[in-house]
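Nothing here was measured: the structure is a model prediction, and the numbers come from that model. Atoms considered below: every heavy atom in the structure, side chains included; atoms not considered: hydrogens, waters and symmetry mates.
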Amino acid sequence: MLVLIKHDSDWLNSVQTQQMYALKHFSTKPDQILSVKRNEINRQRLEDWAIIRVVNGMIGLAVDGDRLLMLDPGDCWLGYPGSLIDWYQDGAVTLEAWHWSSVPSKTVALVIHSFNDLLIKLFQHNTQIPPDPTPGFEFFQSGEVIIKEGEAADSVYTLVHGKAKVQVGGVQVGVAKENEILGLQAMLLHSNRTATVIADGPCSAVRVDYDKFRSLIETRSDLVFVTMETMAQQIDRANKRITDK
């Protein structure tokens, strides 16, 4: 692995340890072999895959065009590293890919958290890309409540992995998908939660309290767009509930 920005001296050792841990919990045979032509890495549905490992060629991670690191043959990472992080490549690459169904559900949260934690630590030691406030990753098994209707709303959750059911009065009114902000409307209005959100399969989410969310909005134009998109989704759900009655 080649790291292209400032990093802690022990960071690479932590990466190698995490890679070995992740691969140990997946089957020795990958679920699929992907042959990706030059500049087509982001056209692949890598969010469908848990872990990808480089067989031939090199791929890397970048934020807003700033390259963070390059993966060599044998290196692995989460197939979907997050909505704000992009894959890039300078040539054709062959990848091995494993699906989340290839690993016990209790291991999913730990694998996701560990790779994301590595990126957070990389940002903290980088002098070129200002780090976001350290997010609070939380993990939910299928059926667990992420947000409960009627409770005070002092934070929002961004769904990083998985999907969740949205219920009002015990009736399902929608499905929350990856990158959607949960609990946004109630927090902005300083009101109680208007819906219950329940994990539909293993989920991971980032919890951000009100003050930190305001700070992020002021410095991240991309988050403003996601916020508007989430509000539109919530309005659309409300309209559908009205028309369905």
Side-chain angles (χ1 to χ4, degrees), residues 22 25-27 31-32 44-52 77-85 97-117 135-188 191-209 213 223 226-245:
H25 286 79
F26 287 81
S27 63
D31 294 311
Q32 186 175 350
Q44 300 291 320
R45 291 189 54 83
L46 294 178
E47 66 269 23
D48 292 339
W49 303 101
I51 295 293
I52 57 173
W77 205 271
L78 295 175
Y80 179 64
S83 61
L84 301 178
I85 302 174
W98 286 265
H99 195 272
W100 284 119
S101 60
S102 299
V103 64
S105 59
K106 64 181 180 180
T107 307
V108 171
L110 185 56
V111 171
I112 294 174
H113 173 75
S114 297
F115 276 108
N116 284 326
D117 186 57
F137 284 94
E138 296 188 14
F139 306 95
F140 304 89
Q141 294 298 320
S142 183
E144 283 193 88
V145 175
I146 302 174
I147 288 174
K148 186 175 182 180
E149 187 175 356
E151 291 184 340
D154 59 353
S155 62
V156 294
Y157 290 83
T158 299
L159 197 58
V160 177
H161 169 77
K163 60 181 180 177
K165 300 176 183 178
V166 181
Q167 298 181 351
V168 175
V171 178
Q172 184 170 338
V173 297
V175 175
K177 300 179 180 179
E178 290 179 0
N179 303 320
E180 186 169 343
I181 301 175
L182 311 176
L184 177 62
Q185 180 176 335
M187 188 190 72
L188 293 179
S191 62
N192 291 337
R193 305 291 191 192
T194 58
T196 295
V197 181
I198 302 174
D200 188 11
C203 290
S204 63
V206 175
R207 182 184 183 276
V208 181
D209 63 26
F213 186 80
L223 187 58
V226 173
T227 300
M228 295 174 63
E229 186 177 47
T230 296
M231 293 294 288
Q233 291 170 340
Q234 293 172 340
I235 293 171
D236 181 61
R237 286 180 188 143
N239 290 336
K240 288 179 178 178
R241 291 200 299 270
I242 294 172
T243 57
D244 288 343
K245 291 182 178 179

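Judged purely by atom type and a 3.5 angstrom limit, Glu178 has no side-chain atom pairing as donor or acceptor with the backbone of Leu159. Under the 3.5 Å distance criterion, the side-chain polar atoms of Asp117 are left unmatched by any main-chain donor or acceptor of His113.
Put simply, CG on Asp200 and CZ on Phe140 are 14.0 Å apart, with the number rounded to the nearest 0.5 Å.
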Q: Any chance you could lay out the side chain to side chain contact (heavy atoms under 4.5 Å, CB included) test for Asp31 and Phe26, step after step, and finish with the verdict?
A: CA-CA 10 Å; Asp31 294 311; Phe26 287 81; 5.9 Å; no
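Closest approach of Gln167 to Ile198, counting heavy atoms only: OE1-CD1, 3.6 Å. Between Ile52 and Ala97, the shortest heavy-atom distance links the atoms CG2-CB, 4.1 Å. Residue Trp49 comes nearest to His99 through the heavy atom pair CE3-N, 3.8 Å, listed as atom of the first residue, atom of the second, then distance.
Every pair tested for salt bridge (Lys or Arg N to Asp or Glu O under 4.0 Å) that includes a residue from residues 165-175 fails, sequence neighbours excluded, so the list is empty.
Proximity of Trp100 to Val111: side-chain heavy atoms (C-beta onward) are separated by under 4.5 Å at one or more points. Contact of the Leu182 side chain with the Val166 side chain is not registered, since no non-hydrogen atoms from C-beta on lie closer than 4.5 Å.
By the side-chain contact (heavy atoms from CB on, under 4.5 Å) test, Ser191 is found to be paired with Ala186, Leu189, residues two or more places apart in sequence or in another chain being considered.
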Listing, residues 144-155 side-chain donor-acceptor contacts under 3.5 Å, not counting sequence neighbours, or none:
residue	atom	partner	partner atom	Å
Glu144	OE2	Gln141	N	2.5
Glu149	OE1	Gly169	N	3.0
Ser155	OG	Arg207	NE	3.3
Ser155	OG	Arg207	NH2	3.4

